[in-house]
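Working notes, beginning with the structure itself.
Quick caveat: nothing in here was measured; it's all calculated off a predicted structure.
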Amino acid sequence: MIQSVSRTLNRITKSHQPQIKRLNYYWRLFGTGFSFFTFGAGGFLLWVLVFPVLSIIPGTHESKIRRGQQVVHYSFYAFIGLMHRIGVMTYKIEGLEKLNRPGQLIVANHPTLVDIVFLISRISQASCIVKASLWRNPFMRGPILNAGYISNGDPEVMIDECVQRLQSGGTMIIFPEGTRSVPGKPYRFQRGAASIAIQAHAIVTPVTMSCYPSTLTKAEKWYQIPRRRFHLAMHVGEDIPMQEFTSLQPRSIAVRRFNSYLQDYFTRQRVLSEQDGK
């Protein structure tokens, strides 16, 4: 009797699998759109409601930036939690205990749109580099200004500001590519991250981001969701020994060598992560 009922249920389940998969797809499509709507609305509300209140609390410019970074950290933590709970994504973190150190430069690859959100959601106080155009975006302007993020409008000024932030004990997150990776294309790292690391004599910690199935890349729209919920993996590597690079002269050679080292490191990590993802 029990076996007969079980077989009947299995047949019903199999016959309805296409409908279940279709419903799951549309739910994730709705969930993805809802997540991005929430992200934009949340950024706007932070700008008009939360940050004005924080700005009137007494404190130095540095302490206000730290408060702003803390608010963005908790907001991004809640956003990642939302995407996870409604079934849009899963995630895994390895080596989180190596992060959240003063004067630490975190260099990471950039396969998907949510990389920076995920990183900041796990780092309580961090600065990053943002496109100059985002300073005019009403949904992003509040977090950018109040968390002390750095514009890429002027490369020389950008590098100087990043070096000063690290030397004063701040934490920086930088994507050496400067933009999201193009799937199937080799990495092409810019030298900004290497130059900042060499000049600041910073602690440099590599973080490898992997996303399977691939989604939210530079070549995809937000609504081009994968066949199943995506899995984001973050692996924090060991600190990179910087002595062999900082001792090189002139500085331009040191920057070029270190940039090549980073590009080779992340290329190897991508091969390993692709093997694990298959």
Q: Quick one: closest heavy-atom pair of Gly103 and Ala202, and the distance?
A: O-CB, 3.8 Å
Q | Under 3.5 Å: donor-acceptor pair, side chain of Ser181, backbone of Pro183 | A | no
Q) Any side-chain donor paired with an acceptor under 3.5 Å for Ser124 and Gln70? A) no
Q.
Please verify the inter-ring angle class for Trp222 with Phe36; under 30° counts as parallel, over 60° as perpendicular, anything in between as tilted.
A. tilted
Q.
Are the side chains of Lys92 and His235 in contact, using a 4.5 Å heavy-atom criterion?
A. no
Q: Quick one: list whatever passes side chain to side chain contact (heavy atoms under 4.5 Å, CB included) with Gln190, sequence neighbours left out.
A: none
Q. Is there a side-chain contact between Leu134 and Asn137, using heavy atoms and a 4.5 Å cut-off?
A. yes
(Q) Could you go through Ile203 and Leu166, starting from their C-alpha distance and side-chain angles, then the distance that decides it, and tell me whether this counts as side chain to side chain contact (heavy atoms under 4.5 Å, CB included)? (A) CA-CA 9 Å; Ile203 302 167; Leu166 288 164; over 6 Å; no
(Q) Any side-chain to backbone donor/acceptor pair from Arg141 onto Trp135? Under 3.5 Å, distance only. (A) yes
Q: With side chain to side chain contact (heavy atoms under 4.5 Å, CB included) as the test, would you mind laying out the steps for Val130 and Cys128 before giving the verdict?
A: CA-CA 6 Å; Val130 298; Cys128 62; 4.0 Å; yes
Q | Test ring pair (Phe, Tyr, Trp, His ring centres under 6.0 Å) applied to Phe39 - qualifying residues, sequence neighbours left out | A | Phe76, Phe79
**Q.** Value rounded to 0.5 Å, distance of NZ in Lys131 from OG in Ser151
**A.** 12.0 Å
Q.
Under 4.5 Å between side-chain heavy atoms, counting indirect links through other Ile/Leu/Val/Met/Phe/Trp/Tyr residues: same cluster for Leu113 and Phe30 or not?
A. yes
**Q.** Heavy-atom check, side chain of His61 versus side chain of Ile65, under 4.5 Å
**A.** yes
Q) Is Arg165 salt-bridged to Asp160, cutoff N-O under 4.0 Å? A) no
Q: Using only heavy-atom distances, determine whether the side chains of Thr205 and Gln104 contain a donor-acceptor pair under 3.5 Å.
A: yes
(Q) Please check this pair: side chain of Glu161 against backbone of Met158, looking for a donor-acceptor N/O pair closer than 3.5 Å. (A) no
Q | Exam field: side chain Arg180 to backbone Pro111, donor-acceptor pair closer than 3.5 Å | A | no
Q. Does the cation-pi check pass for Arg228 over Phe230, that is, NZ or CZ under 6.0 Å from the six-membered ring centre and within 45° of its axis?
A. no
Q) Taking all non-hydrogen atoms of both residues, which atom of Asn146 and which atom of Gly142 are closest, and how far apart? A) ND2-O, 2.8 Å
Q: Using a strict cut-off of less than 4.0 Å between a Lys/Arg side-chain nitrogen and an Asp/Glu carboxylate oxygen, indicate whether Lys64 and Glu62 qualify as a salt bridge.
A: no
(Q) One pair to check against side chain to side chain contact (heavy atoms under 4.5 Å, CB included): Met209 and Asn109. What are the steps and the verdict? (A) CA-CA 6 Å; Met209 308 294 295; Asn109 61 319; 3.7 Å; yes
Q) At what distance, to the nearest 0.5 angstrom, does CD1 of Ile174 lie from CG of Leu262? A) 10.5 Å
Q. For the atom pair OH (Tyr212) and OG (Ser210), what is the distance rounded to the nearest 0.5 Å?
A. 5.0 Å
Q) For Gly31 and Val88, which heavy atoms make the closest approach, and how far apart are they? A) C-CG2, 3.7 Å
Q. Do the side chains of Leu45 and Phe37 join up, straight or via other hydrophobic residues, at under 4.5 Å, putting them in one cluster?
A. no
Q | Test item: Arg122 side-chain N/O and Leu99 main-chain N/O as donor-acceptor pair under 3.5 Å | A | no
**Q.** Smallest separation among heavy atoms of Thr179 and Lys218, with atom names
**A.** OG1-NZ, 3.3 Å
Q: Kindly work out whether a path of hydrophobic side-chain contacts (I/L/V/M/F/W/Y, heavy atoms less than 4.5 Å apart) joins Val117 to Val107.
A: no
Q: Tell me whether Ile196 is reachable from Ile198 by hopping between hydrophobic residues (I, L, V, M, F, W, Y) whose side-chain heavy atoms are closer than 4.5 Å.
A: yes
Q: Any chance you could measure Thr171, atom OG1, to Ile106, atom CD1, to the nearest 0.5 Å?
A: 6.0 Å
Throw together a table of side-chain donor-acceptor distances under 3.5 angstrom for residues 245-258, partners on residues two or more places apart or in other chains.
residue : atom : partner : partner atom : Å
Thr246  : OG1  : Met242  : O            : 3.1
Thr246  : OG1  : Gln243  : O            : 3.4
Ser247  : OG   : Gln243  : O            : 2.9

Q. With respect to His110, which candidate in Phe175, Phe266, Tyr187 satisfies the ring pair (Phe, Tyr, Trp, His ring centres under 6.0 Å) definition?
A. Phe175
**Q.** Pairwise side-chain contact, Val236 with Glu94, heavy-atom cut-off 4.5 Å (strictly under)
**A.** no
Q: Looking only at non-hydrogen atoms, find the nearest pair between Ser214 and Pro226 and report the distance.
A: O-CB, 4.4 Å
Q) Same cluster for Leu216 and Tyr223 if Ile/Leu/Val/Met/Phe/Trp/Tyr side chains link at under 4.5 Å? A) yes
Q: Could you tell me how the ring of Tyr261 sits relative to the ring of Tyr265: parallel (under 30°), tilted (30 to 60°) or perpendicular (over 60°)?
A: parallel
Q.
Taking OH in Tyr25 as the centre, count heavy atoms belonging to other residues, nucleotides or ligands within less than 6.0 Å. Is the count above 12?
A. yes
Q) Between Trp27 and Ile86, is there a donor-acceptor pair closer than 3.5 Å when you use the side chain of the first and the backbone of the second? A) yes
Q. Do Thr217 and Glu220 get their side chains close enough for a donor-acceptor pair, meaning under 3.5 Å?
A. yes
Q.
Could you tell me if the side chain of Phe51 sits less than 4.5 Å from the side chain of Leu145, heavy atoms only?
A. no
Q: Run the numbers on Ile150 and Met172 for side chain to side chain contact (heavy atoms under 4.5 Å, CB included), then give the verdict.
A: CA-CA 10 Å; Ile150 296 170; Met172 288 291 310; 4.1 Å; yes
Q) Is the His231-Tyr91 ring centre distance short of 6.0 angstrom? A) no
(Q) Whether the side chain of His73 engages the backbone of Ile120 through a donor-acceptor N/O pair (distance < 3.5 Å, no angle test) should be reported. (A) yes
(Q) Distance check, rounded to the nearest 0.5 Å: Ile129 atom CD1 versus Ile173 atom CD1? (A) 11.0 Å
Q) Quick one: which of Thr267, Asp264, Asn259 gives a side chain to side chain contact (heavy atoms under 4.5 Å, CB included) with Phe189? A) Asn259
Q: Indicate yes or no for a side-chain donor-acceptor contact from Ser55 to the backbone of Pro52 under 3.5 Å, with no hydrogens or angles considered.
A: yes
**Q.** Spacing of Gln199 atom CD and Gln167 atom CD [to the nearest 0.5 Å]
**A.** 8.5 Å
Q | Any donor-acceptor N/O pair, Ser168 side chain to Gln164 backbone, under 3.5 Å | A | yes
Q.
Quick one: does any side-chain atom of Gln224 pair with a main-chain N or O of Thr215 as donor and acceptor, under 3.5 Å?
A. no
Q: Check Thr90 against His84 and note the closest heavy-atom contact, atom names and distance.
A: CA-ND1, 3.9 Å
Q: Could you tell me whether the side chain of Lys98 reaches within less than 4.5 Å of the side chain of Val207, counting heavy atoms only?
A: no
